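What follows is a short report on a single structure.
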Amino acid sequence: LENCDLGDVKFSPPDIITTLTGGVITECSLEDYEKAQIFAGEKEYDSYVQDISEGFNIDANLIRAVIATESSWIANKIGKTSDRGLMQITPVAFADVNSRGQNICKPLSHYIAGYDFSKYNDEYYTKNKAIPNTVLNKLFDPTINLYYGACELKILEARENLPDLSYLLSAYNMGASSLKSTCNPLVADKFEETCSSKINDITQAYVPKVLGYYENYKVRTGVYTSSV
């Protein structure tokens, strides 16, 4: 941000943004905007990340890295496949957590206190091919979104026998069944050699981006946890 002063201006950017700040016209790139958004989002939501991290025993820096990659810390972001919120929860992931997460997610069930989403499970999604938007829009709530995103990571870690973090992130992005059908067998510490070139372009780009943020957050926080 050294050549770009965004001040307190809030806007939706084109590729190049010209904004009036303090009477001085400055040009800000999309990358500048994303960095500013990340810093602002971290400040607003990081206390929730810490709570989720402790409650689920997940590395906080990993959660931060997924958020930065998925949404740039924009809580009301909606993706091309109806992904919602900070961790871009898909309808499929929402249904998966409601089906398989009862015990794994129980330590932080207070995050969804007052809501009973249990009926919107895999069976419901398979039968109806959709979940009502009025329900999915609850995922714009940062606390509910973080609950679902972190719980999905724990489900993948606990039940899918993924050998390392690269496979875990791939499964979070493209789905565990798709990953396993594409890269079977999954070989520990050989993701780049045996799997990376086989998966879709989006996930190929996604995994190193998350890992890059993860390393940056570890340096910034001084916490070098290697586990999920």
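Each residue takes its place number in the sequence, starting with 1. Since the structure is predicted, the reported quantities are computational estimates derived from the model, not experimental observations.
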Hey, what do you get for [atom1] ([X]) to [atom2] ([Y]), rounding to the nearest 0.5 Å?
X	Y	atom1	atom2	result
N216	T221	CG	OG1	10.5 Å
K138	N145	NZ	CG	14.0 Å
M87	I67	CE	CD1	5.5 Å
Y147	F56	OH	CZ	5.5 Å

Quick check: closest heavy atoms across [X] and [Y], and the distance to 0.1 Å?
X	Y	answer
A95	I131	CB-CD1, 4.3 Å
I58	A150	CD1-O, 3.3 Å
V207	S170	CG2-OG, 3.3 Å
I199	C183	CG2-SG, 3.7 Å

Under 4.5 Å between side-chain heavy atoms, counting indirect links through other Ile/Leu/Val/Met/Phe/Trp/Tyr residues: same cluster for L162 and L211 or not? yes

side-chain contact (heavy atoms from CB on, under 4.5 Å) between L165 and L62, worked out: CA-CA 10 Å; L165 186 55; L62 179 61; 3.9 Å; yes

Assess whether ring-ring contact (aromatic ring centres under 6.0 Å, His included) is satisfied between Y125 and F94, documenting all intermediate values. CA-CA 10 Å; Y125 187 77; F94 181 74; 9.7 Å; no

Would you call the rings of Y120 and Y124 parallel, tilted or perpendicular, where under 30° means parallel and over 60° means perpendicular? perpendicular

Can you classify the ring geometry of Y167 versus F191 as parallel (below 30°), tilted (30 to 60°) or perpendicular (above 60°)?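 If you compare the ring of Y167 with that of F191, the planes turn out perpendicular.
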
Using modelled atom types only, decide if a donor and an acceptor are shared between the side chain of S99 and the backbone of D122 within a distance under 3.5 Å.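 Yes, because the side chain of S99 sits within donor-acceptor range (under 3.5 Å) of the backbone of D122.
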
Test side-chain contact (heavy atoms from CB on, under 4.5 Å) on V66 and T69; report intermediate values, then the result. CA-CA 5 Å; V66 171; T69 304; 5.9 Å; no

Is it true that the side chains of Y172 and E70 contain a donor and an acceptor less than 3.5 Å apart?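 No, no side-chain donor-acceptor contact under 3.5 Å.
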
For this output row, return yes or no: ring centroids of Y111 and Y48 closer than 6.0 angstrom.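 Distance test on ring centres: not under 6.0 Å, no.
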
